[in-house]
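Let me begin by presenting the structure, written as structure tokens, before commenting on it.
Whatever order the structure lists ligands and atoms in, that order sets their numbers, starting from 1. If you're wondering where the values come from, they're calculated on a predicted model, not measured in any experiment.
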Amino acid sequence: MSNAVDLYDTSYGHYAARLYEGVRKETYGEDIGQTSWMTVDEFRRIFTMLELTPASQVLEIGCGAGACAVYMVESVGCHVIGLDVNKNGVRNASELVRTRKLDSRLRFERADAGQRLPFADQSFDAVVSNDAMCHIPRRLAVLKEWYRVLRPGGRALYTDAMIVTGALSNEEMAARSSIGYYLFLPPGENERLIREAGLELLRADDVTEAAAVLSKRWRDARALRQSELVKVEGEANFDGLQTFLACVHNVARERRLSRFLYLARKREGVWRRQ
Ligand SMILES: C[S@@+](CC[C@H](N)C(=O)[O-])C[C@H]1O[C@@H](n2cnc3c(N)ncnc32)[C@H](O)[C@@H]1O
């Protein structure tokens, strides 16, 4: 299915361009190459929640353009494998590994994280996924795969900005999901699925504010560069993304669609074949 509006191909394909770097800087303050609702402060808190150390083997699902994984490796010193389905994202990510000389600790693969993961059982200390889970169908099967590749005691963390906590019109749901496949979930469903996959839920935090704030900054930063962005993206796509970002802002600000962060752990001493 082709998306009505493209975000990822363009953002990752033009990752290094000053135009897109300028948008990221104005949106996030500190640009660590995100294409999401995550601030650098939130990412640093995630390192702590995952108990990352230089010895940690980490799997990042939906790594986008790869720069967040670079930031993780350079901040913590851990080993990371990043997966994403987007060709431009993985190409950019692999280029970052080469130019930053990180190939002993970081690599990227193009893969659909909705399928069986190409890794042995118990290969990772942590699985992390920021704002990507919403794009992957069959959530329970995905979480069971995370359970399989985590070592006992290992931790998993993901954010999900698609929790329906208020009334949404059909136009809003269409605009909010115009850039690809999205799964909208009721409150409590991620918690239930995490437990059903065999993981122990440690916390579920409301992190909607970041989506409300960053979507507005992102839209404003793009509006300031409209003529240049239209030359790259075309008018219809520029307008489509502005509508998408305005919708994210409205539904998040009014807490009708909420973003949550889930932290879970694979218990020690229990091995459940999934
Ligand atoms: C909102 S972006 C987040 C990227 C990055 N985590 C960040 O914080 O900037 C969501 C990412 O999920 C990826 N994605 C979507 N479906 C996927 C799938 N089935 N398997 C792997 N990655 C997927 C997209 O290509 C995109 O890069």
Legend entry - Closest protein heavy atom (residue, atom, distance) for atom 24 (C) of ligand 1: Asp84 OD1, 3.5 Å
Legend entry - Under-4.0 Å salt bridge between Arg148 and Asp121: yes
Inset, instruction - Give the residue and atom name of whichever protein heavy atom lies nearest to atom 20 (N) of ligand 1, and the separation in Å to one decimal. - result: Ala113 N, 2.8 Å
Inset, instruction - Considering only NZ, NE, NH1 and NH2 on the basic side and carboxylate oxygens on the acidic side, decide whether Asp84 and Arg110 come within less than 4.0 Å. - result: no
Inset, instruction - Measure the distance from atom 9 (O) of ligand 1 to every protein heavy atom, then report the residue, atom name and distance (to 0.1 Å) of the closest one. - result: Thr35 N, 2.7 Å
Inset, instruction - Could you list the atoms of ligand 1 found under 4.0 angstrom from a heavy atom of Asn86? - result: 25 (O)
Inset, instruction - Classify the contact between Ala111 and ligand 1 as side chain, backbone, both or neither, using a heavy-atom distance cut-off of under 4.0 Å. - result: backbone
Inset, instruction - Have a look at ligand 1 and work out which part of Tyr181, if any, has a heavy atom under 4.0 Å from it: side chain, backbone, both or neither. - result: neither
Legend entry - Centroid-centroid distance, Phe119 to Phe124, less than 6.0 Å: yes
Legend entry - Selection from Val128, Val85, Asn130 by shortest heavy-atom distance to atom 8 (O) of ligand 1: Asn130
Legend entry - Student check: side-chain heavy atoms of Leu102 and Leu96 closer than 4.5 Å: no
Inset, instruction - With atom 15 (C) of ligand 1 as the reference point, say which of Met133, His135, Glu60 has the nearest heavy atom. - result: His135
Legend entry - Residue, atom name and distance, where the atom is the protein heavy atom closest to atom 12 (O) of ligand 1: Ala132 CB, 3.3 Å
Legend entry - Ring centres under 6.0 angstrom apart (His135, Tyr181): no
Inset, instruction - Indicate whether the side chain of Arg24 and that of Gln34 have a donor and an acceptor atom separated by less than 3.5 Å. - result: no
Inset, instruction - Ignoring angles and geometry beyond distance, decide whether Tyr12 reaches within less than 3.5 Å of ligand 1 through its nitrogen or oxygen atoms. - result: yes
Legend entry - Closest approach of Leu257 to Ala161 (non-hydrogen atoms, all atoms of both residues): CG-O, 3.6 Å
Inset, instruction - Spell out, yes or no, whether Leu140 and Tyr262 are grouped together once hydrophobic residues are joined by side-chain heavy atoms under 4.5 Å, including indirect joins. - result: yes
Inset, instruction - Decide whether an N or O pair under 3.5 Å exists between Gly62 and ligand 1. - result: yes
Inset, instruction - Measure the distance from atom 7 (C) of ligand 1 to every protein heavy atom, then report the residue, atom name and distance (to 0.1 Å) of the closest one. - result: Ser36 OG, 3.5 Å
Inset, instruction - Show which atoms of ligand 1 fall inside a sub-4.0 Å distance from at least one heavy-atom site of Asp112. - result: 18 (C), 19 (N), 20 (N)
Inset, instruction - Output yes when the distance from some N or O of ligand 1 to some N or O of Asp131 is under 3.5 Å, and no in every other case. - result: no
Legend entry - Within-4.5 Å side-chain heavy-atom neighbours: Ile194 and Glu191: no
Legend entry - Flag for Asn190-Tyr158: side-chain donor and acceptor within less than 3.5 Å: yes
Inset, instruction - Kindly confirm or rule out an N or O of Gln34 lying under 3.5 angstrom from an N or O of ligand 1. - result: no
